[in-house]
Amino acid sequence: KRELIVAVDGPSGSGKSTLSRLLAAALNYINIDTGAMYRSVGLAAHRAGVHPEDDQALAELCQSLTIEFARSGAGERVLLNGEDVSEAIRTPAMSMMASRVSACSAVREAMGELQKSMGEKGGVVLEGRDIGTVVFPNAEVKFFLLASAAERGRRRFEELRAKGLQVDLQQTIAEVEERDAADSNRQHAPLVQADDALAIDTTSMTIEQVLQEMLRIVNSRR
Ligand code: C5P
């Protein structure tokens with residue numbers, strides 16, 4: 001069987017993270033959460049007092065930091081300059097910071113290079129916004145996951161609440177919509193479905209149903 005590059009793109013709350021993780025586990029592939037990289041840059045900018053629209057400072061920041069993934073007993077961890085930031089990058093504030101710094105072309109170039117080096121050998125599931133369009137336009141399999149805005153907001157709300165964060169449903173839905181609008185309308189690598197991506201609307205599907213559909217498609221191309 002060939003070791004493929006599988007791209008999973010889509011808006012926040014569409015099920016990308018959950019499905020990418022499960023799909024990678026089922027295929028015995030490596031899962032690469034590219035959103036976690038942009039979140040890490042956002043956190044680094046926040047800590048360094050770098051304004052998320054200061055392209056020059058962001059470019060320098062990207063040259064000076066390291067982002068790695070480590071698999072441990074506690075699941076997959078994200079390391080920023082060696083520090084475990086897996087929890088720190090998941091707050092609503094860091095979601096918005098990630099979206100803002102990710103509009104900077106120097107940030108996208110630096111992260112894109114990192115993603116290419118991590119994924120080029122195949123046997124990977126990469127999850128993000130521009131994997132099938134920009135980072136790996138030649139990926140053998142491309143998925144574009146979708147769900148209604150209300151459902152995506154509800155999922156994000158449940159996820160944050162499960163972590164013990166105090167959040168409001170309507171506000172969470174509004175934030176998800178704001179971030180998707182920003183991601184879709186930016187100049188560099190906007191969130192858009194690749195022509196050859198297969199769209200799956202997960203609004204009223206179970207995780208298991210989506211996973212089986214994705215597995216069927218990947219297996220048909222291996
Ligand atoms: O997927 P996640 O919600 O963790 O991503 C956080 C933010 O990072 C997104 O809102 C988006 O602005 C940015 N991102 C991106 N390109 C990717 C992955 C994430 O611009 N490939």
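Start at 1 and go down the list; that is how both ligands and their atoms are numbered. By convention here, the first residue in the shown sequence is residue 1.
A donor atom on one side chain and an acceptor atom on the other are not found under 3.5 Å apart for S14 and R152. With hydrogens and angles left out, the side-chain atoms of R186 and S99 include no donor and acceptor closer than 3.5 Å. Inspection of the Q209 and E213 side chains reveals no N or O donor paired with an N or O acceptor under 3.5 Å.
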Item to complete: Please test R155 against E159 for salt bridge (charged side-chain N to carboxylate O under 4.0 Å, His left out), starting from the C-alpha separation and ending with a verdict.
Response: CA-CA 6 Å; R155 290 176 188 170; E159 190 184 316; over 6 Å; no

Practice prompt. For the pair S17 and E127, evaluate side-chain hydrogen bond (donor to acceptor under 3.5 Å, both in side chains) and give the outcome as yes or no after the intermediate values.
Written response: CA-CA 7 Å; S17 298; E127 175 224 317; 3.1 Å; yes

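When heavy-atom distances to ligand 1 are checked against 4.0 Å, the residues falling inside are T34, G35, Y38, R39, R90, A98, S99, S102, R108, G128, R129, D130, R179, D183, R186, ordered by chain and number.
Ion pairing of D84 with R77 is present here, as a side-chain N (NZ or NE/NH1/NH2) and a carboxylate O approach within less than 4.0 Å.
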